[in-house]
Amino acid sequence: MKGLTSPLWPIHFKPLPDELLSSWLVRLAHSHGLKVQTFCNLIFGNRLQVWNRDIDRLAPDWLITELSDRTGATIEQVMNTTLQSYQGILYHRQRASGTLSWIQSLKLHHRKFEGFGLQFCPECLTKDREPYFRKSWRVAFNTFCTSHHCILHDRCLDCGQGAAFHRNDMRHAQYVKTVSLKECYYCGFDLSKSPSLPPKYESRDIGIFLGDLSQKLLDGALGQAEIDNLLVMHHFAKLMFTRNSRVKLYSHLCNVLGADEIALDTKSDIEGADVDTRHHVLQAIAYLMVNLEPILRRAIAGKAVRYNHLKKDFDDMPGWYEGFIKKFSDWRRPY
Ligand SMILES: [Zn+2]
Ligand SMILES: [Zn+2]
C-alpha cells in the first residue's frame, strides 16, 4: 500500500487511554483498510512474526520502535500500552515464559488463545466511540469495571470462546474497515451485548478494598504500600490454589465468610482461573487483607495454615509482612 513506507503512516492515531498494544495495532491495520496479517507482513515482512507470541507481554524492541516511528507516539507512550509497563508494580521480574504475577495467561497455542486471559466490560465496549481493549483487562485481580460497576466477562456468551480480536478480520472479505473489535472472532456475536451485571461482594469493605486497588492501578496511583500488599495477596492466592492438602486456608475463609466453597483447580493458579473463580477467591483474599491479624490468627488456631506456609517460597516478602508473621512462629503459643 502506497504511503506505508514513508516515515509516518497515512493514518497514525495514538493509543486510547489504557489501550493494549495489540488493540491499537489491530485498529491501525483496519483503519488502513487492511487485514492485520496483511498489514504486519507489509510493514515488518514475513520474517518478523508479530502474532506468534503474547505481544502485549513480549513486545519486541523492533515492534515498539516501528510503532513509535510510524505513528509519532513517543517510545514511552508505546511502552505504556504493553504489560511490561506493570513491571515493578504487579510483577517484579521479567520472564519470557511461565506466569507473571497478576498477569492473566492467554495460553497461546498456534496463534490461538486457549485460555480466557482477555476480559472485557460490555458497557465500555458499548460506550466507546471506537471499541477497544484495555490493558487493565489482562490483570487477574480486576474482575469488575470500576467505571460501570459491572462484572467483566472473559468469553463470548454465545459460543464460549475467549476474546481474540486480532483474529476478527479472518471472518471477513478483503475490505475490513467495518470490522469491529467488539465482535466475537469465532461466531461474530457482539460482545458489548453481554449482560451488564453488578458484582457481588461478601461485604462492603471487601468491595471498597478491591475497587480501590483496581481504580488506583488504572490511575497509575498505586503506592509502595499497595505494591507490597499485592505481593502478600499473591502469596495468599498461591496458598488457596496450593496442592498441599494440609493448607486449608481457602476452605477456612469460605467457612468464616459463610460463602459457598467452589472447587479450585490446583493445577492452575489465579492467573489461569476464569473470572467467576477469581472474583470468588479475591473475596477471601480481600477479607484477609482488610483485617489481617485477627483473621490470620483464627486461621492458624484452626490449623488451616501454619507459619511455615506463610513464608515458604515467598521470595519478595515485604519487610512489614516478615515482621508481622513472626508473631505466629511459635506454634505452641496459644492465640
Ligand atoms: Zn466499563
Ligand atoms: Zn462467539
Side-chain angles (χ1 to χ4, degrees), residues 15-24 26-27 30 35-36 51 56 80-81 83 86 102-104 106-173 176 178-201 206-222 274-276 278-279 282:
L16 290 164
D18 194 38
E19 183 164 19
L20 270 174
L21 181 138
S22 53
S23 166
W24 181 40
V26 169
R27 290 196 308 113
H30 289 177
K35 291 193 173 196
V36 178
W51 299 99
D56 296 311
N80 209 30
T81 65
L83 297 167
Y86 287 141
W102 296 121
I103 304 291
Q104 296 192 97
L106 295 177
K107 298 180 186 162
L108 199 69
H109 187 66
H110 296 298
R111 299 180 186 220
K112 286 188 183 167
F113 301 163
E114 293 190 345
F116 299 95
L118 181 58
Q119 311 177 92
F120 55 90
C121 163
E123 300 236 21
C124 283
L125 291 179
T126 302
K127 288 177 181 133
D128 286 342
R129 211 154 58 88
E130 188 174 352
Y132 69 99
F133 278 72
R134 274 73 167 169
K135 189 172 67 173
S136 51
W137 291 348
R138 286 286 307 272
V139 175
F141 62 75
N142 283 336
T143 57
F144 56 92
C145 174
T146 51
S147 302
H148 302 109
H149 303 287
C150 60
I151 278 278
L152 300 178
H153 292 275
D154 64 358
R155 66 199 67 199
C156 167
L157 289 193
D158 213 41
C159 72
Q161 294 284 324
F165 55 79
H166 67 296
R167 297 170 66 86
N168 283 13
D169 58 33
M170 292 181 182
R171 299 175 54 254
H172 292 260
V176 292
T178 52
V179 176
S180 168
L181 268 64
K182 65 179 181 174
E183 289 175 19
C184 166
Y185 87 96
Y186 193 75
C187 74
F189 178 73
D190 180 346
L191 298 176
S192 71
K193 299 277 191 290
S194 313
S196 173
L197 306 165
K200 289 192 182 116
Y201 310 113
I206 289 174
I208 292 171
F209 179 85
L210 293 172
D212 189 52
L213 208 54
S214 300
Q215 191 59 49
K216 282 188 172 161
L217 177 73
L218 198 57
D219 297 340
L222 285 177
D274 62 60
V275 62
D276 293 341
R278 280 184 288 108
H279 187 73
L282 281 159

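Keep in mind it's a predicted model, so treat the numbers as computed, not measured. Count residues from 1 along the sequence. Every number for a ligand or one of its atoms is a count from 1 in the order of the listing.
Geometry note: the Zn ion (ligand 2) is the vertex, C187 SG and C156 SG are the arms, and the angle is 110° (rounded to 10 degrees). With the Zn ion (ligand 1) as vertex, C124 SG and C145 SG subtend 110°, rounded to 10°.
Residues E123 and C145 form no side-chain contact, since every pair of their non-hydrogen atoms from C-beta on lies 4.5 Å or further apart.
The Zn ion (ligand 1) has an N, O or S atom of H148 closer than 2.8 Å.
Taking the six-membered ring for Trp, W24 and Y132 have ring centres at least 6.0 Å apart.
Side-chain atoms of Q119 and R278 form a donor-acceptor pair, as typed in the model, at a separation below 3.5 Å.
More than 12 heavy atoms of other shown residues, nucleotides or ligands fall within 6.0 angstrom of atom OH in Y201.
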